[in-house]
Amino acid sequence: MAQFWKPGTAKPRLLDDEEGGVLFYSAAPSSSSSYGYASLESQRQRLPVFKYRTSILYLVETHSTTIIVGETGSGKTTQIPQYLKEAGWADNGRIIACTQPRRLAVQSVAARLAEEMGVKLGEEVGYTIRFEDVTNSDFTRIKFLTDGVLLREMMDDPLLSKYSVIMVDEAHERSLSTDILLGLLKKIQRRRPELRLIIASATIEAKSMAEFFHNRKRRPRLEGEDNGLQTEPAILSVEGRGFNVQIFYIEEPVSDYLQATVSTVMSIHEKEPMGDILVFLTGQDDIDAAVQMITEQAQNSGKSSFGLIVLPLYSGLSRSDQDLVFSPSPRGKRKVIISTNIAETSLTLEGIVYVVDSGFSKQRFYNPITDIENLVVAPISKASARQRAGRAGRVRPGKCYRLYTEDYFVNEMSSHGIPEMQRSNLVSTVIQLKALGIDNILGFDWPASPSPESMVRALEILYSLGVLDDDAKLTSPVGFQVAELPLDPMISKMIIASDQLGCSEEIITVSAILSVQSIWISVKAQRELDDAKLRFAASEGDHVTFLNVYRGFLQSNKSSKWCHKNFINYHAMKKVMEVREQLRRVAQRLGLALKSCQNDIQVLRKAVTAGFFANACRLEPYSHNGTYKTLRGSQEVYIHPSSVLFRVNPKWVIYHSLVSTDRQYMRNVISIDPSWLREAAPHFYQLNPTHH
DNA sequence: GAGCACTGC
C-alpha cells in the first residue's frame with residue numbers, strides 16, 4: 001500500500017481554493033460595517049452558540065437573503081429555524097418554512113427539532129411530505145417540507161404569503177425542484193420585499209449564488225416601502241462537527257477500477273485497525289461483481305480475512321437485503337458495504353471509518369434533439385468526492401482512498417456537477433411554471449439556465465399534447481388539469497383522456513403502477529420471475545398486465561404473502577395504492593368522473609394512445625429480429641426482453657419509456673391500432689402513418 | 001433474451 005498510495009491533505013478541503021475570497025460577515029452585530037474578505041480557512045471558525053445565534057438573527061434582520069455555508073453536523077438545519085422563532089419571525093400567524101430535497105430528511109429533521117424544543121411533533125413544529133401532512137393549521141409555526149411540496153403549494157398561493165421566512169436547505173445539490181424554487185423565490189422577493197430567504201448548503205458556489213440573488217435592478221418603490229433591507233446577500237460560514245478524514249490518492253491512474261477496489265479493500269482489511277469500509281461504485285453490475293471478487297479473495301487469503309462481511313447496497317435490493325447494512329458489525333468482524341450513490345446522500349451508515357471512492361457514478365443525461373434520456377457512467381465532481389470522503393468521519397477520524405490521482409482531482413475534476421436542470425427533460429418543469437403564470441419561459445431567470453433546445457423541445461411536446469395553445473398559454477381546461485396532476489404530463493394527459501373514454505379507474509391504476517420503479521421483485525431466479533409474469537400476461541401488452549396484477553392483489557386482500565408468491569414487490573404495491581388514492585382525489589377535484597370500463601380493454605388502449613401517441617412505433621416490414629422504427633424520427637428500437645410483448649412483436653406499438661444500452665429498448669409496451677393515432681393527435685400525425 | 005444512479009409531486 002505504501003508505494004501504491006499517496007496521502008493528500010490531512011483534512012479534506014471542503015471548499016475550493018478559488019473561492020477563497022468569499023464575502024464573509026464577521027458575526028459581530030455591534031459593528032455593522034464589519035464586512036471583509038477573508039480566506040475560507042480563517043473564517044471556518046467554530047462559532048460559539050450565542051455568537052452564531054446573534055449573527056444569524058442580525059443577518060436575517062438586515063438582509064433579504066442570507067447564504068449559510070455549513071457542513072454536515074453544523075446544526076444549521078435545526079438551529080436556525082429555532083432561533084428565528086424565538087426572535088419573533090413566527091409571530092402573528094406567520095410560518096417559517098424549511099425545505100429539504102428528501103422525504104426522509106424532512107421527517108427526521110422535524111422530529112429532531114420538535115424533540116430539542118420539547119414540543120409535540122405536528123403542533124408547533126410540523127412537516128409535510130407527499131401523502132403525509134403532520135401539521136396543524138392553527139399551531140404550526142415551523143414547518144419542514146420537501147422542495148417539491150412547496151412548489152405544489154405555490155399553485156394555490158403563488159406568493160407563499162403565509163410564510164415569513166423560507167429556508168432552502170441542501171441547495172448545493174442543485175436538484176431540479178431546488179433550482180426551480182430558487183428561481184421562483186427570487187421573483188417572489190421582488191413582490192414581497194419583507195420575505196426573508198435563507199439558502200443553506202454544504203459546499204456551495206456561495207459567490208455565484210449570492211450574485212444570483214443580488215437584485216440590482218431598480219424597481220419603482222412604493223411609498224413607505226423602503227424597509228432599509230440590504231439586497232446584497234450576506235454569507236456566513238459555519239464549521240461542522242465531523243472528524244478529520246485523511247485523504248489518500250492513487251499514485252498512477254488505474255485502468256480497472258473494479259480490480260483496484262478489491263485490492264484496496266483487502267489491504268485496508270489487512271493493515272488498518274477495525275472499522276467498517278464503504279465503497280462507492282456505479283451500479284448493480286459493478287457492485288455484484290465486486291462483492292463476489294472480495295468474498296472469494298477473502299476466502300482464499302487465510303485467516304486474517306475471516307472477519308469480513310461483504311454487503312451490496314443499491315435501491316433495487318429488497319427491503320430485507322437493504323436492512324442488512326444497518327445491523328452493527330459483530331465483535332471482531334468488519335463490514336464492507338459496496339454501494340451506489342444511495343449512500344452518498346440518501347442513507348446514512350453508522351460506523352464507517354474507511355471510504356473507497358471509485359470517482360465515478362451513473363448520471364442521467366438528456367438529449368433534447370432525440371428526446372432520449374441516457375444513464376451513463378461519468379466522473380463525479382469535487383463536491384461529490386468531498387461528500388463521499390465525509391462519510392468516513394462521522395464516528396471518529398477516518399480515511400478516504402481515492403482511486404484517482406491527486407493531479408486529476410486538483411486539475412481535472414470539475415468543482416460541481418452539472419445541475420439536474422441541464423440534464424433533464426423539462427416538460428414537467430415548463431408546465432409547472434406555466435401554471436404559475438410565468439409566460440416568458442425562455443427568459444426565466446434560473447440559477448443555471450437549461451439549454452434553449454431542451455426548452456423548445458418541452459414546449460413542442462406540451463403543444464402536441466394540447467396542453468399549450470398557439471400563444472404558448474395553458475389551455476383550458478386540459479392544460480390546467482394536466483398541470484394539477486402530480487405526474488409526467490403525458491401520463492396526466494392519458495388520465496384526462498380516460499375520462500371521456502370511460503376508463504379512468506383503470507387508467508389511474510396503470511398510471512400509479514407506471515410511476516413506481518418496478519412492481520416486480522428483482523431476483524436472480526430469472527426463469528421463475530418470467531413464469532410468474534406469465535400468470536398475469538395480457539396479449540395487449542404490459543399496461544394491461546399491470547392491471548391484472550393489481551386486480552389479483554386486490555383479490556388477495558392486499559396480501560404480502562400473495563406478493564411474495566408471485567414475485568411482486570409488496571412495498572411497491574403499497575405505494576401504488578397511495579399514489580392511486582391521491583390521483584383519484586385530484587381527478588375528482590378536477591371534475592373528472594371516475595368510471596370503470598370493466599373488461600373493455602380497447603378503450604384503455606385508446607387512452608394510452610391519447611397520452612403517448614408521440615411514442616408510437618411500427619414493426620419493420622419483413623423484420624426477423626423484431627426491429628421497430630419510431631414514427632417520429634424513424635429511430636431503430638426494440639421491445640425490451642422484460643416486456644410481455646417480447647418476441648410477440650405486434651405490428652403497431654406504443655412504449656412508455658426507452659432505455660438505451662447497446663440498443664434502444666422500449667420498456668412497457670402496448671399494442672395499438674394505427675387509426676387511433678390520428679384520432680388522438682391529428683396535428684401530430686398529419687400524414688396517415690399507414691402510408692409507409 | 002437483457003438490465004434498472006438517485007430523488008420528488
Side-chain angles (χ1 to χ4, degrees), chain A residues 99-106 128-133 145-155 170 173-181 280-288 313-317 339-347 358 360-365 373-378 380 384 387 417 420 423-424 428-429 431-432 435 483-489 491-492 511-512 515-524 526-527 529-530 569 572 575 578-579 582-583 585-586 625-626 638-643 645-647 657-668:
Chain A
T99 74
Q100 289 281 337
R102 280 171 292 277
R103 296 160 52 87
L104 199 69
V106 168
T128 308
I129 55 181
R130 190 185 190 181
F131 309 130
E132 224 181 314
D133 183 11
L145 26 61
T146 42
D147 42 18
V149 168
L150 192 61
L151 277 178
R152 282 279 152 190
E153 284 191 4
M154 286 179 77
M155 294 188 47
E170 311 291 358
E173 289 186 25
R174 306 306 297 275
S175 75
L176 199 49
S177 297
T178 298
D179 270 11
I180 300 171
L181 195 59
F280 285 102
L281 291 180
T282 61
Q284 186 174 338
D285 277 357
D286 275 3
I287 290 169
D288 289 342
L313 178 62
Y314 43 82
S315 75
L317 286 177
S339 172
T340 60
N341 256 7
I342 196 170
E344 195 177 304
T345 50
S346 305
L347 294 179
S358 66
F360 290 96
S361 71
K362 281 197 182 168
Q363 292 162 38
R364 184 176 55 209
F365 288 92
E373 282 183 330
N374 268 332
L375 206 55
V376 293
V377 173
I380 62 169
S384 282
Q387 176 74 22
E420 201 181 0
R423 299 185 279 115
S424 311
S428 294
T429 304
I431 198 171
Q432 246 171 343
E484 282 282 337
L485 285 159
L487 294 164
D488 180 287
I491 303 188
S492 304
S511 303
S515 67
V516 304
Q517 258 184 3
S518 173
I519 57 165
W520 306 105
I521 253 163
S522 86
V523 284
K524 296 253 153 56
Q526 193 53 52
R527 267 295 301 278
L529 176 61
D530 286 349
N569 183 334
K575 182 145 184 238
E578 277 187 320
V579 175
Q582 186 192 31
L583 295 180
R585 275 199 307 276
V586 178
N625 59 348
Y638 298 84
I639 293 181
H640 195 278
S642 66
S643 168
L645 292 185
F646 179 67
R647 283 200 293 228
S657 61
L658 281 184
V659 290
S660 312
T661 50
D662 50 331
R663 284 175 168 186
Q664 308 274 14
Y665 284 104
M666 303 184 266
R667 288 185 74 198
N668 298 328

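Numbered from 1 within each chain, the chains take letters A, B, ... in sequence-line order. Just so you know, these numbers use all the heavy atoms, side chains as well, and skip hydrogens, waters and symmetry mates. Note that the structure is predicted; figures quoted are calculated from it, not measured.
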Identify, with sequence neighbours excluded, every residue that meets side-chain hydrogen bond (donor to acceptor under 3.5 Å, both in side chains) alongside A:Ser642.
A:His640
Residues passing the side-chain hydrogen bond (donor to acceptor under 3.5 Å, both in side chains) test with A:Arg102, sequence neighbours excluded, are A:Glu173
Could you check whether [X] gets within reach of a base, just the sugar-phosphate, or nothing at all, counting any heavy atom under 4.0 Å?
{"X": "A:Arg364", "answer": "base"}
{"X": "A:Leu375", "answer": "base"}
{"X": "A:Gln363", "answer": "nothing"}
{"X": "A:Ser175", "answer": "nothing"}
{"X": "A:Ser177", "answer": "nothing"}
{"X": "A:Asp530", "answer": "base"}
{"X": "A:Val579", "answer": "nothing"}
{"X": "A:Arg102", "answer": "sugar-phosphate"}
{"X": "A:Thr340", "answer": "sugar-phosphate"}
{"X": "A:Leu485", "answer": "nothing"}

Side-chain heavy atoms of A:Leu281 within contact of A:Thr340, under 4.5 Å:
no
Taking the side chain as everything from C-beta on, heavy atoms only, tell me whether A:Val149 gets closer than 4.5 Å to A:Glu153.
yes
Sorted by position of nearest nucleotide on DNA chain B, 5' first, the leading residue of A:Lys362 and A:Asp488 is A:Lys362
Nearest nucleotide by nearest heavy atom, which residue falls closer to the 5' end of DNA chain B, A:Leu529 or A:Gln582?
A:Leu529
Interatomic spacing from CG in A:Asp179 to OG1 in A:Thr429 - rounded to 0.5 Å:
10.0 Å
Take atom CD in A:Gln517; do more than 12 heavy atoms of anything else shown fall under 6.0 Å from it?
no
Does the salt bridge (Lys or Arg N to Asp or Glu O under 4.0 Å) test come out yes or no for A:Arg364 and A:Glu420, once each step is laid out?
CA-CA 8 Å; A:Arg364 184 176 55 209; A:Glu420 201 181 0; 2.8 Å; yes
The first and last nucleotides of DNA chain B lying within contact of chain A, meaning any atom under 4.0 Å from one of its heavy atoms, run from B:dG1 to B:dC9
